[in-house]
Amino acid sequence: MLTAIRNTLATRIEARIRDLYGLTHQARPEIPPRRDLGDLSFPGALQLARDVKKSPRQIAEEIVAGLELPEGVREVRVEGPGFLNFYLDRGRMTAALLREPLIAVPEETGKKTIVEHTNINPNKAAHIGHLRNAVLGDVLARLLRALGGTVEVQNYIDDTGVQVADVVVGFVDLRGLTIDAIRDLPEPFDYTCWDLYAEVGRWFGEDTERQALRRQTLHELESGEGARAEIGRLVARRIVSRHLRTMRRIGVDYDLLTRESAILQLDFFREAFERLAAAGAIRLETEGKSAGCWLMPLSDSSEFAGLEDPDKIIVRSDGTVTYVGKDIAYQLWKFGLLGLDFGYRYWQEEEIWESAVTGVDDHPAFGSAYQVINVIDKRQSYLQKIVRAGLERLNYPDEAARSIHFAYEMVALSPAAAARLGYSEASTDGKRLEMSGRKGIGVKADDLIDQLEAKSREEIQARDGSLPPEELDSRAHAIALAALRFFMIKTTTNRIIAFDFAEALSFEGDSGPYLQYSLVRTANIFRRLREESIDDEVKPEHAAALPAELWEDDLWDLIFSTAEIQERTEAAIASLELSQIARFALEMAQKFNTIYHRHPILQEGDVERRTARLATARIFSKGLRTLTELMGLPIPERM
RNA sequence: GCGCCGCUAGCUCAAUGGAUAGAGCUCCAGACUUCGAAUCUGGCGGUUGGGGGUUCGAGUCCCUCGCGGCGCGCCA
């Protein structure tokens, strides 16, 4: 509705400018910073002043003189240096917001978007950096679906990579365990591997000869045959199971697990390799330090200009394939360009589809996307560029353009958090500390979630000590989840999150629980009204008929915010800046909480006044619920 | 060396080129017999890293310098 008014206004203003001055001017009415400056604003008179050779205010007056206002616009004023400020019909907009969904779902386009996220190496526990990835990916998928998109969420499992190989070496060569002994290791298996992986790293460091074991193991993993491959499969399977459990705790799930082992064993890479070679995109190096490698020359591309070594190795001299090589094959498959497909198997215990060498006949259709969004941290921008370059060189420029790297900065540890893990301020030089799975530095995801739940439980019991345990657990979980998810999306993606326990565990101010608390307040009001046999709903036509002066500025300011939800959601997707949604939700809740103290509803004796306030609370509740659902925050009835 | 990112209040962060640069936290002073104080009100706090430029208008765009981080692996 807001967009419709905005568009009509733009068209009419453009026509006025054409009639008056014979100029073509792109009019895009903006939303002014404060509501007392109107609801929509056109600054174009300022820009036109030079060409028209009149003062901006005079131009604004001339435009206004013959401007027919669209339905729903009550008034226009010329204000400030020459802004045209438009004021909406408040009752009419309120009625529309009560009546209509806040996000209009467009027609299905049939174009699928694949969102790939999480992608944790299956060799250790997930840490809080992985949570940022998973939450961003999950919220992205929710937003795309809310706007009518077809979305397939994939979690890539690198089960044949160096990281898994290292843990296999740890179990076999360092611990001397058999496959049965590994199978019998107790949970949390991912925690055991976390420590072992760091230990193996140190062990390799002590004697570089030992790295031969890594190469041998990696070979076996790639071929899929032999005892080490068998152990690799066991390790990866047990770890993935733990990762899925962790992610389920925070409400993240997937449509498909894609396994690197399947990519290799189904010859996806061989197919991609042959095409790349035939297209001249890769060549066999015969001399120099990279002799025996297949590499992709990148020196001719401006995108890679200035690099020290502008050629990227795709196949190593020992015949194994680098990650980026496999990723090119995978990306081709995602677009349905490879001509090969996975087998698919349903993993019963985890209730999820996964790719496999051989599969069942009856499975959902996977792959063949129109657009692919890879959620991967910013440090991998270079590799993502190479994947795109691969598509371009195979003459798929459109698919390359629709290969989107959703990049975000890493999560590091604040000096205080580092100190808590045993790294003193002196050792970190008072700076934040980068997490490292290889070194075993990091806050494990499950540990943080546990702490959040414990803190929630404390807070709830401080307010109501007589809750049954199940109710306590369920509320604590909902609050912990909201705190975590909100924490991960409230910061803009190009900023490093310096993780701090005190901040992450805060349920006040800029936090998920603050949003939940606002909604609990509305629910309480509605419930109390029903208890007093007062209608807790407001009919749209009733709202429209209320005297205009009842829509006070602060009520209207909040109502108008909810009218912006559609455009704000679209903007967040377009810019891939999901923090905009979090900030917007926060703004709305802040406005509501102020109004809550200033405009009581139950105590208001004047029925019409009460109705206007109730309508505001209703619309706010509807709006914030929409946003919290988009962010995947649960909405408790009480907390 | 080349490229990318960051630098805004004491701290953590916002601000589609637009109107008086805003929140949260901290600190100080207040508001619970009222719809839940996980809240709200008020106060303290700014040369938006420095310097040039473009523009009617710059935290935002361009140039330049500084500081910090990341990338440029036969790791991913």
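Throughout, protein chains are lettered first and strands after them, A, B, ... in sequence-line order, and every chain is numbered starting at 1.
Between the side chain of A/S317 and the base of B/rC74 there is at least one donor-acceptor pair of N/O atoms closer than 3.5 Å. Judged by distance alone with a 3.5 Å cut-off, no donor-acceptor contact links the side chain of A/Q590 to the base of B/rG22.
Counting non-hydrogen atoms under 4.0 angstrom, A/P56 reaches nothing in the nucleic acid. Among the heavy atoms of the strands lying under 4.0 Å from A/N121 are primed sugar atoms or P, OP1, OP2 only; no base atom is included. As judged by a 4.0 angstrom heavy-atom cut-off over every strand, A/I479 is placed among the base-contacting residues. If you check every strand for non-hydrogen atoms under 4.0 Å, A/N85 touches a base. In this structure, A/L48 reaches neither bases nor backbone, as no heavy-atom distance under 4.0 Å exists between it and the strands shown. Contacts of A/D158 with the nucleic acid, taken as non-hydrogen atoms under 4.0 Å apart, involve only primed sugar atoms and P, OP1 or OP2.
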Where does RNA chain B pair, written as one dot-bracket string 5' to 3', with Watson-Crick or G-U pairs under 3.5 Å, ( ) inside the strand, [ ] for crossing pairs and | for another strand? (((((((..((((....[...)))).(((((.......))))).....(((((..]....))))))))))))....
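For the pair A/I376 CD1 and B/rG71 C1', the computed distance is 14 Å after rounding to whole Å. When rounded to the nearest whole Å, the span between CZ of A/R57 and P of B/rA19 equals 17 Å. For A/L383 and B/rC75, the CG to P distance is 12 Å, given to the nearest whole Å. In this structure, CD of A/Q384 is placed 17 Å from P of B/rC5, rounded to the nearest angstrom. For A/D51 and B/rU55, the CG to P distance is 14 Å, given to the nearest whole Å. Residue A/H405 contributes atom NE2, which lies 12 Å from atom C1' of B/rG71 at whole-angstrom precision. One interatomic measurement links the two molecules: CZ of A/R215 to C1' of B/rC74, which rounds to 10 Å at whole-angstrom precision.
At B/rC40, one or more side-chain N or O atoms of A/Y514 fall inside 4.0 Å of OP1 or OP2 (strictly under the cut-off).
To the nearest whole angstrom, the two C1' atoms, one in B/rG53 and one in B/rG46, are 24 Å apart. As rounded to the nearest Å, B/rG17 and B/rU60 have C1' atoms that lie 7 Å from one another. With C1' as the reference atom, B/rG59 and B/rA21 are 7 Å apart, rounded to whole Å. Distance check on atom C1': B/rU26 versus B/rU12 gives 11 Å, rounded to whole Å.
Among residues two or more places apart in sequence or in another chain, the side chain to side chain donor-acceptor pair (under 3.5 Å) test is passed with A/R485 by A/D138. Not counting sequence neighbours, the partners of A/P513 by the side-chain contact (heavy atoms from CB on, under 4.5 Å) test are A/I479, A/A483, A/F507, A/S511, A/Q516, A/M639. Qualifying side chain to side chain donor-acceptor pair (under 3.5 Å) partners for A/Q380, counting only residues two or more places apart in sequence or in other chains: none. The side chain to side chain donor-acceptor pair (under 3.5 Å) check on A/R457 picks up A/D473, with sequence neighbours excluded. Under the rule for a salt bridge (Lys or Arg N to Asp or Glu O under 4.0 Å), A/D464 has no partner lying at least two apart in sequence or in another chain. Taking the side-chain contact (heavy atoms from CB on, under 4.5 Å) definition, one finds that A/T3 meets it with A/N7, A/E567, sequence neighbours left out.
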Going 5' to 3' along nucleotides 30-36 of chain B, which nucleotides have protein heavy atoms under 4.0 Å from the base (write B), which only from the sugar-phosphate (write S), and which from neither (write -)? ----SBB
Could you check A/D536 against A/R618 for salt bridge (charged side-chain N to carboxylate O under 4.0 Å, His left out), going step by step and ending with a plain yes or no? CA-CA 9 Å; A/D536 65 317; A/R618 270 287 166 203; 2.7 Å; yes
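Annotation: side chain of A/T258 is not in contact with side chain of A/E116 (no heavy-atom distance under 4.5 Å). At least one side-chain heavy atom of A/R432 sits less than 4.5 Å from a side-chain heavy atom of A/I496.
A/R638 CZ: 12 or fewer foreign heavy atoms inside a 6.0 Å radius.
Listed by first and then second residue, the salt bridge (charged side-chain N to carboxylate O under 4.0 Å, His left out) pairs involving residues 508-517 of chain A are A/D510-A/R583 (not counting sequence neighbours). Under the side chain to side chain donor-acceptor pair (under 3.5 Å) criterion, the residue pairs touching residues 487-500 of chain A are A/S414-A/D500, A/T493-A/E577, with sequence neighbours excluded. Sorted by first and then second residue, the salt bridge (charged side-chain N to carboxylate O under 4.0 Å, His left out) pairs with a member in residues 44-57 of chain A read A/K54-A/E62; sequence neighbours excluded.
Residue ring and base: A/F83 counts as stacked with B/rA19 (centre distance below 5.5 Å, interplanar angle below 30°).
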Nucleotides 13-16 of chain B: which of its N/O atoms have a protein N/O under 3.5 Å away?
{"residue": "B/rC13", "atom": "O3'", "partner": "A/R495", "partner atom": "NE", "Å": "3.4"}
{"residue": "B/rC13", "atom": "O2'", "partner": "A/R583", "partner atom": "NH2", "Å": "2.8"}
{"residue": "B/rA14", "atom": "OP1", "partner": "A/T492", "partner atom": "N", "Å": "2.9"}
{"residue": "B/rA14", "atom": "OP1", "partner": "A/T492", "partner atom": "OG1", "Å": "2.1"}
{"residue": "B/rA14", "atom": "OP2", "partner": "A/R495", "partner atom": "NE", "Å": "2.8"}
{"residue": "B/rA14", "atom": "OP2", "partner": "A/R495", "partner atom": "NH2", "Å": "2.9"}
{"residue": "B/rU16", "atom": "O4", "partner": "A/E30", "partner atom": "OE1", "Å": "3.0"}
{"residue": "B/rU16", "atom": "O4", "partner": "A/E30", "partner atom": "OE2", "Å": "2.7"}

